[in-house]
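When reading the values below, keep in mind they use all heavy atoms of this one structure, side chains included, and skip hydrogens, waters and symmetry mates. To find a chain, count down the sequence lines: A is the first, B the second, and so on, and within it residues start at 1.
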2 protein chains.
Amino acid sequence: MRKPEIREKILEFIRHSLDERGYAPTVRDILKGCNLSSTSVVQHHLNTLEKEGRIHRDPQVVRSIQLIKKDVVEVPLLGTIAAGKPIPVPGSDTWTTPPDETLKLTTDMIGNKSNTYALKIKGTSMLDALIDDGDIVLMEAVPTAENGQMVAVWLKDEQEVTLKKIYREPGRIRLQPANKQMKPIYVKPQNIEVQGKVVAVLRRLGR
Amino acid sequence: MRKPEIREKILEFIRHSLDERGYAPTVRDILKGCNLSSTSVVQHHLNTLEKEGRIHRDPQVVRSIQLIKKDVVEVPLLGTIAAGKPIPVPGSDTWTTPPDETLKLTTDMIGNKSNTYALKIKGTSMLDALIDDGDIVLMEAVPTAENGQMVAVWLKDEQEVTLKKIYREPGRIRLQPANKQMKPIYVKPQNIEVQGKVVAVLRRLGR
DNA sequence: ATTTATAGTTAACGGATGTTCTATAGAACA
DNA sequence: TGTTCTATAGAACATCCGTTAACTATAAAT
């Protein structure tokens, strides 16, 4: 019988230890904490966990166990977004040079996604999306978007980028402002280009 | 001669170690890393740093050094905010019972403040502040607010709470919506009660 | 039924590590 | 001048800890 439960228990214990005490447990800490009977049992499970990529250890180093799951993510601030300008989409050239600035965020905010980036809003052209000058939007680089999703849309005819909720309707696409008091606009499918999904909006005030 | 520089160097080394490797250095790591010559020198400085409250160690525990400064802050989500309802202000009764939910945020977002709390917006009554239904506002519990600051204001006559930028003018107070296209309202000073300062606005989409 | 992989036990080695003791030197201070 | 505080140096100690080896036990696979 495979016994993953004991390894879950060990992981939980490590998590607890990191959380409560601030540093990782030793093999013998785990031994006692999980009611195991031998250090080599612990060693065995730790080896397995490391093979599974769930923890990382530095050989011979006391208390070097780390959980792989990340709590804090650094999101690159790739540029600004303004009316009449396509938004910077992470391309090969954008990734090669490291971004000038990064934002530290918790996975609470974005869902552990790796393809998330941030853009700073310039100007008040996004007011209908309830987004102010200086706000920061977290974008996820996705090829497609589901109905109802808030997306960054490039309007080819108007040469303009806008943030709207997208709804595909027969023969047309409805772009609905976040502000429900405002009316939607309708565009031809071939007139738009979805440039990314809006994951979150951040507004920092009074600094 | 006092030598705080070497302790700053040690702190920096600890920070670097925690950052790069994920766990704290040993006394001998610091010895080599800071070009010191004896473990007892390191011990001495660590004792001093601990007395100064800048680090914490567990006696006899390897790699237990922790920096006191916090990077991730848990902000209590104290309740909801809606028109016609005073916002929950952290009082004695609110703090005694732990909040149902907390938000993990980095000090990037809020400035290491301890008196910060979060409120969830219910309804669209804050649209003029560019704040949507479901948005989360981070409030700082402060007694006074400076001019131009975005604050939560309780309007006594109207029995309503609103988020506006506050400007004290002779004989009246101007409450300016964040949306610059909208006109300010003017109120008598005795008609308002500042309930807190808005530190940030968070909007999480598509989950 | 036999083999194989996983899990557990016991014991021990050797090195890493926190701590302590003693001694020295310079600066501040009264 | 003597005292005290801080910083430094070297050495030594006892313990903690990661690792390994040899062996047994059990479940799964063939």
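Judged by distance alone, with hydrogens and angles left aside, A:S38 brings no side-chain donor or acceptor close enough to the base of C:dG8 to form a pair under 3.5 Å. B:T39 contributes no side-chain N or O that forms a donor-acceptor pair with the base of C:dT17 under 3.5 Å.
Around atom NZ of A:K156, more than 12 heavy atoms belonging to other residues, nucleotides or ligands sit under 6.0 Å away.
Comparing B:V41 and A:V61 against DNA chain D, the residue whose closest nucleotide sits nearer the 5' end is B:V41.
Atoms CG (A:D58) and C1' (C:dG15) sit 17 Å apart, rounded to a whole Å. Counting to the nearest Å, the C1' atom of D:dC17 and the CG atom of A:L31 are 12 Å from each other. Rounded to whole Å, atom P of C:dT20 lies 15 Å from atom NE2 of B:H44. Rounded to an integer number of Å, the gap from A:I10 CD1 to C:dT6 C1' is 14 Å. In this structure, the CG atom of B:L46 is 10 Å from the C1' atom of C:dG18, given to the nearest Å.
Checked against side chain to side chain donor-acceptor pair (under 3.5 Å), B:N147 has no partners two or more places apart in sequence or in another chain. The side-chain contact (heavy atoms from CB on, under 4.5 Å) check on A:D128 picks up A:K164, A:P177, A:M182, with sequence neighbours excluded. With sequence neighbours left out, A:E50 forms a salt bridge (charged side-chain N to carboxylate O under 4.0 Å, His left out) with A:R57. Here B:R15 pairs with B:E12 under the salt bridge (charged side-chain N to carboxylate O under 4.0 Å, His left out) rule; sequence neighbours left out. Qualifying side chain to side chain donor-acceptor pair (under 3.5 Å) partners for B:S17, counting only residues two or more places apart in sequence or in other chains: none. In terms of the salt bridge (charged side-chain N to carboxylate O under 4.0 Å, His left out) criterion, residue partners of A:R174 (sequence neighbours excluded) are, by chain and number, A:E169. For A:D29, the salt bridge (charged side-chain N to carboxylate O under 4.0 Å, His left out) partners are A:R21, A:R63, not counting sequence neighbours.
Among the heavy atoms of the strands lying under 4.0 Å from A:V62 are primed sugar atoms or P, OP1, OP2 only; no base atom is included. If you check every strand for non-hydrogen atoms under 4.0 Å, A:Q43 touches a base.
Checked against C:dA7, C:dT17, D:dT19, the side chain of B:R63 finds its nearest nucleotide in C:dT17.
Side-chain N/O atoms of A:R57 include none lying less than 4.0 angstrom from OP1 or OP2 on D:dC17.
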Distances for protein N/O vs nucleotides 21-25 of chain C N/O pairs under 3.5 angstrom?
none

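C:dT10 and D:dA21 make up a base pair, with Watson-Crick or G-U wobble contacts both under 3.5 Å.
Heavy-atom distances under 4.0 Å link DNA chain D to A:T26, A:V27, A:R28 of residues 17-30 of chain A, given in residue order.
Under the 3.5 Å distance criterion, the side-chain polar atoms of B:N191 are left unmatched by any main-chain donor or acceptor of B:K188.
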